[in-house]
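So that the names make sense, note that chain A is the first sequence line, chain B the second, and so on, each numbered from 1.
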Amino acid sequence: MDTSLLRRINAYCWEVPQQGAMRVPGRLFGSGALIRDLDDMVLEQVSQVAALPGIVRASLAMPDAHWGYGFPIGGVAAFDPDRGGIISVGGVGYDISCGVRTLRTGLSKEDVLSVLPELVDLLATVIPAGVGRGGQLRLSGSELDDVLRLGARWAVAQGYGESRDLEYIEDGGCLSGANPEVVSETAKKRQQDQVGTLGSGNHYLEVQYVDAIYDQAAAFAFGLKEGGVVVSLHCGSRALGHQIGTDYIQILGRAAQKRSLHLPSRDLVCAPIDSKEGRDYYQAMACGVNCALANRQVLGHLVRQAFAEMFPLARLELLYDVSHNTCKVEDHDVDGLRKSLYVHRKGATRSFGPGRQELPAAYRGVGQPVLIGGTMGTASYILAGTVESEAMAWGSACHGAGRAMSRKQATKRWKGKSVLHELEHRGILVRAASQRGVAEEAPGAYKDVDEVVESTHHAGLARKVGRLRPLACIKG
DNA sequence: ATGTAC
């Protein structure tokens, strides 16, 4: 991208000047190199989001930003319900509440390395992965409604995991306002056997070890130490979330036509927060969030069962569970006033700083764990949320490395088999549901996660706590 | 992301 179109605020923050239909400026976070490599489409999408009714302060893009449907992936925007603010399907994405859950194992890298091939094979048999893949659960209509209303609380009540887990999930494992009545029967039917499944695309389960600590105090609070092994899950709301997205793009599109609402792009279909369609979408989206939280809770239980077979003394504790595709109602300071805003994070992680009431007591002194899923060949990171991020970005940070090329480009450049060989040569064992998926997710198809995280850290969006290296991966 | 183009 041509950076002469931007105003440099500092080395890691760039302003898109307000012009044309934009109601507010845009703000791009990232090093000069990351911004130069950005697709021009990201600038266009950030500008289009800035033109949406009721947007507050600025349209934002995190350092891992790339092109998405409507909003860029890595896009963050807050809307004021008292000033005609809207809620947008493309501001959340199809994979509602896709997110990362990390569990501490209490084991060391050496403990795990000695049995790694057996462990990865066991995990591959226990964790259902792949497109259209169902799991062990077969839920009735009323059971699924309970999942949508109660999220991870439902899962814990059914015996998946422990009640302590709930404290370490955003929103206590259950987003309020979910109403299954505004979710289609199609969406529910598709989800009946998909609770407790990984899915496909960029979803995965990784066994990782901590190879660097940057902030001792936060690492101590998060229970991380060098050489310690953790398990991270990356997945979302599966068919249910996707169908809710599909349904509401149509519903909101028809409503916009009826109201002759002019939109900056067809892909930015939205409805006023204070409208029937807007309220319905929020309630359906909250069902998607709860489905994802229940899904990760059940998967966490399956991981614990697998580890119990091989390490009977190990106790896997939930470090945290974050969502990075959401719209949430949060209180933030706007011009000295505390306002309740609808914060859209699409491929962006919440990054609340120390002191926020939403955080578990054990982390309130250091900030929220910000779980960054990298690639299966490079690294993932754990950061801590900051007060500065609350001032700059509604308390948000990046969510991953961010794609550097499309899936199609990646499959032209790499073959799944050779990617797997290369990883195995480096000691990273992968069991994948599809070879094509491996090529699409080749580490080289992503931006440099170290640079993305460094930018996130220096921009003040979150601060580095520890880096994780992959040992084994179950790929969707 | 996705019963990967109902």
Side-chain angles (χ1 to χ4, degrees), chain A residues 45 64-75 88-101 128-135 137-139 144 183-205 233-251 253 267 269 284-285 287-289 291-293 295-296 299 322-327 344-349 373 375-376 399-403 405-412 416 432-442 445-446 474-476:
Chain A
Q45 292 190 317
D64 54 339
H66 57 100
W67 180 88
Y69 178 84
F71 279 48
I73 315 289
S88 160
V89 181
V92 174
Y94 279 97
D95 190 4
I96 296 168
S97 195
C98 182
V100 180
R101 161 176 297 224
V131 64
R133 184 72 193 276
L137 294 176
R138 297 285 180 279
L139 302 180
L144 195 65
V183 175
S184 70
E185 287 307 315
T186 311
K188 294 176 186 176
K189 197 149 195 69
R190 287 182 63 184
Q191 189 61 31
Q192 274 182 329
D193 66 345
Q194 294 201 344
V195 175
T197 66
L198 198 59
S200 64
N202 62 4
H203 292 168
Y204 62 80
L205 177 153
L233 294 163
H234 178 222
C235 64
S237 51
R238 304 289 281 111
L240 183 107
H242 190 273
Q243 189 64 46
I244 290 172
T246 305
D247 291 340
Y248 275 89
I249 278 172
Q250 289 208 353
I251 295 168
D267 296 349
V269 58
M285 189 256 347
C287 288
V289 170
C291 178
L293 297 180
N295 191 29
R296 292 198 288 272
L299 284 166
V322 299
S323 298
H324 49 229
N325 283 355
T326 57
C327 173
H344 294 62
R345 293 189 185 88
K346 198 243 193 107
T349 309
T375 79
M376 55 188 158
H399 81 307
R403 292 200 78 89
M405 66 177 74
S406 70
R407 293 179 179 283
K408 197 168 185 171
Q409 279 177 296
T411 53
K412 280 186 188 164
S434 115
Q435 295 289 321
R436 191 173 113 197
V438 172
E440 288 177 350
E441 295 296 316
Y446 281 84
I474 307 300
K475 197 77 200 73

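For the pair A:Asp95 CG and B:dT4 C1', the computed distance is 14 Å after rounding to whole Å. In this structure, the CZ atom of A:Arg133 is 16 Å from the C1' atom of B:dT2, given to the nearest Å. Atom CG of A:Asp247 and atom P of B:dT2 are 16 Å apart (whole Å). The NE2 atom of A:His242 sits 9 Å away from the C1' atom of B:dT4 (whole-angstrom rounding). If you measure from atom CD of A:Glu440 to atom C1' of B:dT2, you get 12 Å, rounded to the nearest angstrom. Separating the NE2 atom of A:His203 from the P atom of B:dT4 is a distance of 16 Å, rounded to the nearest angstrom. Rounded to whole Å, the distance from CD1 on A:Ile244 to C1' on B:dT2 is 13 Å. The nearest whole Å value for the distance from the CG atom in A:Leu198 to the C1' atom in B:dT2 is 14 Å.
Residues A:Cys235 and A:Leu299 share a closest heavy-atom pair of SG-CD1, 3.4 Å. Across all non-hydrogen atoms, the minimal contact from A:Val100 to A:His324 is CG2-CE1, 3.9 Å. Closest of all the heavy-atom pairs between A:Gly90 and A:Lys346 is O-NZ, 2.7 Å.
When only modelled atom types and interatomic distance are considered, A:Arg296 and A:Ser323 share a side-chain donor-acceptor pair under 3.5 Å.
A:Thr246 comes within 4.0 angstrom of no nucleic acid atom, judged by non-hydrogen atoms across all strands. Residue contacts for A:Arg238: at a heavy-atom cut-off of 4.0 Å it reaches the sugar-phosphate backbone alone, with no base atom in range. Backbone-only contact: A:Gln194 has heavy atoms under 4.0 Å from sugar-phosphate atoms and none from a base. Across all strands, A:Gly236 comes closer than 4.0 Å to no nucleic acid atom at all (heavy-atom distances). Within 4.0 Å of A:Gly199, counting heavy atoms only, lie sugar-phosphate atoms of the nucleic acid but no base atom.
The phosphate of B:dT2 has OP1 or OP2 within less than 4.0 Å of a side-chain N or O from A:Ser200.
The residue among A:Tyr94 and A:Val131 whose nearest nucleotide of DNA chain B is located toward the 5' end is A:Tyr94.
A donor-acceptor pair is defined here as one N or O able to donate and one able to accept, closer than 3.5 Å; such a pair exists between the side chain of A:His344 and the backbone of A:Ser88.
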